[in-house]
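One structure is given below, encoded as structure tokens.
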Amino acid sequence: MGEKQNIIWHQSTITKIDRQLQNKHKSCAIWFTGLSGSGKSSLANALDHCLFTKNIQSYVLDGDNIRHGLNKGLGFSQIDRKENIRRIGEVSKLFVDSGQIVSTAFISPFREDRLQVRELFPKDEFIEVYVKCPISICESRDPKGLYKKARSGEIIEFTGVSSPYEEPTNPELVIETDQLTISESVDLIIQYLKIKRIL
Ligand SMILES: Nc1ncnc2c1ncn2[C@@H]1O[C@H](COP(=O)(O)OS(=O)(=O)O)[C@@H](OP(=O)(O)O)[C@H]1O
Ligand SMILES: Nc1ncnc2c1ncn2[C@@H]1O[C@H](COP(=O)(O)OP(=O)(O)O)[C@@H](O)[C@H]1O
């Protein structure tokens, strides 16, 4: 297909390993998944802050922000969510190729879509973090008032209310945000990155 379109893959002369050696740490995608209000953005940003202060190359891709730009125009049907996640998967891979630790904060409710992203990476470069929190607590947090709108029918196909969330079956990490503080959660992730020799 690439050949038909006269598109030829260029191998970059500086490799991912060259970049990792220069950075003095490995690169990976940390894929936060969970309900709205479970704490994905808060954790991804707190982790980013912690890594940044340690001089580690880190960046966050956040659902709300990406949907303002790259994925503007995509909605919340199953098909649009699939495309949303597919694109973020590809962008994350570019970040990992560039030697960075990229944290993504997307609901990514469908197992199949998360699996498709996982398959883009070698085994040790994709870390799925299930940000687990009972919906009753997410709803009581309701940082953007969206659950209220979903319950009243103002928002349709809202995850956990009128659209499914398929829990991860085998994530690398589970973080229960109704049990741990943000700082305890970040410590857990840092500990995992050290055990896996990413840091
Ligand atoms: N219908 C519906 N369902 C779920 N979420 C909704 C919806 N409409 C708007 N929002 C807001 O969009 C954010 C989720 O976007 P994502 O790109 O992470 O969603 S997905 O992964 O494609 O399912 C989500 O952000 P988070 O609360 O950070 O998860 C909401 O703020
Ligand atoms: N232990 C915790 N971990 C993460 N977030 C928490 C925790 N306790 C309370 N919160 C609050 O819950 C809300 C989660 O919102 P957010 O991070 O935007 O979630 P999401 O990105 O999953 O929608 C924030 O207001 C955050 O301060």
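This one's a predicted model, so the numbers in the text were calculated from it and none came from an experiment. Residue indices begin at 1 and follow the sequence shown. Counting convention: from 1, in listed order, for ligands and their atoms alike.
Each of the following atoms of ligand 1 lies closer than 4.0 Å to a heavy atom of T159: 3 (N), 4 (C). Interface of I85 with ligand 1, defined as ligand atoms under 4.0 Å from a residue heavy atom, comprises 21 (O). Ligand 1 places these atoms under 4.0 Å from at least one heavy atom of L146: 11 (C), 30 (C), 31 (O). Here is the list of ligand 1 atoms found below 4.0 Å of a heavy atom in K40: 29 (O).
With sequence neighbours left out, the salt bridge (Lys or Arg N to Asp or Glu O under 4.0 Å) criterion links K144 to D64. Applying the ring pair (Phe, Tyr, Trp, His ring centres under 6.0 Å) rule to Y192 yields no partners; only residues at least two apart in sequence or on another chain are considered.
Under 3.5 Å, the side chains of D48 and S103 contain no donor-acceptor pair of N or O atoms. With no hydrogens or angles considered, no side-chain donor-acceptor pair links R81 and S108 at under 3.5 Å. No hydrogens or angles considered: nothing links the side chains of S140 and Y147 as a donor-acceptor pair under 3.5 Å.
Under a 4.0 Å heavy-atom criterion, I156 is in contact with ligand 1. Under a 4.0 Å heavy-atom criterion, S108 is in contact with ligand 1.
Scanning the protein for heavy atoms near atom 3 (N) of ligand 2, the closest one is I182 CG1, 3.4 Å. Of all protein heavy atoms, the one closest to atom 8 (N) of ligand 2 is R141 NH2, 3.5 Å. Nearest protein heavy-atom neighbour of atom 14 (C) of ligand 2: G37 O, 3.6 Å. The nearest heavy-atom contact from the protein to atom 18 (O) of ligand 2 is S41 CB, 3.9 Å. Distance from atom 27 (O) of ligand 2 to its nearest protein heavy atom, with residue and atom name: S42 OG, 4.1 Å. In this structure, the protein non-hydrogen atom closest to atom 15 (O) of ligand 2 is P143 CG, 3.7 Å. The protein heavy-atom contact nearest to atom 19 (O) of ligand 2 is G39 N, 3.1 Å.
In this structure, CD1 in I175 is found 4.0 Å from CD1 in I189, a value given to the nearest 0.5 Å. Separation of atoms CD (E90) and CD (Q116) is listed at 8.5 Å; rounding is to 0.5 Å.
The proximity of I107 to ligand 2, defined as any non-hydrogen pair under 4.0 Å, does not occur for either the backbone or the side chain.
Between L35 and ligand 1, not a single N/O pair is under 3.5 Å apart. Of the N or O atoms in K40, one or more lie within a sub-3.5 Å distance of an N or O in ligand 2.
In this comparison of N45, L180, D62, the heavy atom closest to atom 1 (N) of ligand 2 sits on L180. Relative to atom 25 (O) of ligand 1, the option among K149, K144, R141 with the closest non-hydrogen atom is K144.
I30 and L61 fall into different hydrophobic clusters, where Ile, Leu, Val, Met, Phe, Trp and Tyr residues are linked whenever their side-chain heavy atoms come under 4.5 Å apart, directly or through other members.
Between F126 and W31, the two ring planes are tilted [angle within 30° to 60°].
Under a cut-off of 6.0 angstrom, the local environment of CG in L94 is crowded, with over 12 non-hydrogen atoms contributed by other residues, nucleotides or ligands.
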